[in-house]
Amino acid sequence: MAEPAPPGPRETAADPRKITVIQEELFDPGRSKAARYAQLVVGRPGLRALVRYEAIVTLTSAVPGALGLLLRSKLYPRLLGRCGRNVTFGANVVLRHPHKIRIGNDVVIDDGCCLDAKGDTNRGIDIGDGVFVGRGTILSCKNGDIVIDDHANIGFHCEIFSGGRVRLGKHTLVAAYTYLVGGDHTFDRTDVAVLYQDRVARGIEVDDNVWLGAHVVVADGARVGRDAIIGAGAVVRGEIPPFAVAAGVPARVVRDRRGELET
């Protein structure tokens, strides 16, 4: 006798209404294309909000050179929850749910970045003063919050994902291709795809003055103490103490920057 088919997504233990699956958002037959787009990208109901968003993005997003920088500096702040002075937006910067994005003074958002504050109950994205966000970097909320404190420097093609709360402290240095994964799936069941199982989000805390090397992965629930250094390619799980130098998969402390060697 044939084995029964695995349960579909609406037969899982998780509440399907709380599962954000991009295919469902884009192809829900119960709403118009405009309504689906507005929920996914604009984050506010109503024709006025949609037209305003589309007008600003269409007129400015891809404009090259100094003219594009000028136009975006004047018009992008009209979409944001807050925007300080002297903020630079590179070409093709994508803003999603921009009313939940707050940016301080003297900030650079380089070409091709995506700032996505999506969520129903979250606060969104807070970026402090003097922050640099490198080309191609993605800040992605899935009903979580991202906090980037003053003078943090995020390299090219990084991703910060938050299903809960992810914080980068002051003066942190994040090298290229680093991934902070502020959320996870349970995988207890084998009769249902991991995609449809419950999500957990314990958050990530990276304290002040930390240096994350290239290609580092920081897993959900990790805590990195102040002034720590994480070597390139490491996978951080659990807690790294202040002033530690850690490396490897999983990351282990190899020495203390204050001169105390690990035994």
Side-chain angles (χ1 to χ4, degrees), residues 103-110 112-115 125-142 144-187 194 199-263:
I103 300 177
N105 303 318
D106 304 316
V107 171
V108 175
I109 311 295
D110 206 350
C113 289
C114 177
L115 277 56
I125 297 173
D126 285 278
I127 297 176
D129 296 340
V131 171
F132 177 85
V133 182
R135 183 176 302 128
T137 286
I138 299 172
L139 308 182
S140 177
C141 297
K142 190 165 285 187
D145 299 323
I146 295 173
V147 178
I148 301 174
D149 283 343
D150 297 347
H151 305 290
N153 188 302
I154 302 173
F156 302 145
H157 300 290
C158 295
E159 180 170 359
I160 299 176
F161 169 85
S162 178
R165 185 178 187 271
V166 174
R167 173 184 172 256
L168 277 180
K170 296 177 182 179
H171 307 284
T172 49
L173 177 60
V174 180
Y177 299 100
T178 289
Y179 188 13
L180 281 73
V181 194
D184 207 349
H185 283 274
T186 61
F187 49 90
V194 172
R199 288 195 175 98
V200 293
R202 294 173 292 170
I204 292 172
E205 183 80 13
V206 178
D207 210 346
D208 300 346
N209 310 325
V210 167
W211 179 13
L212 303 178
H215 294 274
V216 164
V217 175
V218 182
D220 187 44
R223 301 289 183 267
V224 181
R226 59 164 300 170
D227 293 278
I229 296 174
I230 310 298
V235 176
V236 180
R237 304 182 67 88
E239 186 166 349
I240 302 296
F243 295 96
V245 178
V249 181
R252 299 185 184 280
V253 175
V254 296
R255 69 181 181 90
D256 189 299
R257 293 180 62 198
R258 295 164 295 189
E260 301 169 9
L261 294 178
E262 287 295 303
T263 57

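Keep in mind that what you see is a predicted model, and the values were worked out from it rather than measured.
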Within a strict 4.5 Å, meaning less than it, do heavy atoms of the [X] and [Y] side chains meet?
| X | Y | result |
| --- | --- | --- |
| Arg167 | Asp207 | yes |
| Thr178 | Ile230 | no |
| Ile127 | Leu115 | yes |
| Cys141 | Ile125 | yes |

So which atom in [X] and which in [Y] form the shortest heavy-atom distance, rounded to 0.1 Å?
| X | Y | result |
| --- | --- | --- |
| Gly225 | Val210 | O-CG2, 3.2 Å |
| Ile204 | Gly221 | CG1-N, 4.3 Å |
| Gly134 | Cys113 | O-SG, 3.0 Å |
| Gly203 | Asp220 | N-OD1, 2.8 Å |
| Gly155 | Thr137 | O-OG1, 2.8 Å |
| Val245 | Arg257 | CG2-CG, 3.5 Å |

Note to self: Are there over 12 heavy-atom neighbours, none belonging to Arg237, within less than 6.0 Å of that residue's CZ?
What the structure shows: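 No.
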
With rounding to the nearest 0.5 Å, note down the distance linking [atom1] in [X] to [atom2] in [Y].
| X | Y | atom1 | atom2 | value |
| --- | --- | --- | --- | --- |
| Leu212 | Leu180 | CG | CG | 6.5 Å |
| Tyr179 | Ile160 | OH | CD1 | 11.0 Å |
| Asp227 | Asn209 | CG | CG | 4.5 Å |
| Glu159 | Ile138 | CD | CD1 | 5.0 Å |

Has [X] got a side-chain atom pairing as donor or acceptor with [Y]'s backbone, closer than 3.5 angstrom?
| X | Y | result |
| --- | --- | --- |
| Asp150 | Asp129 | yes |
| Arg135 | Asp110 | no |
| Asp256 | Ala244 | no |
| Ser140 | Phe161 | no |

Under 3.5 Å, which donor-acceptor pairs link side chains of residues 169-177 to any protein atom two or more places apart or in another chain?
from, atom 1, to, atom 2, distance (Å)
Thr172, OG1, Gly169, O, 3.0

Check: Ion pair present between Asp145 and Arg165, side-chain N to carboxylate O less than 4.0 angstrom?
Finding: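 Here Asp145 does not pair with Arg165 in a salt bridge, since their nearest N and O are not under 4.0 Å apart.
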
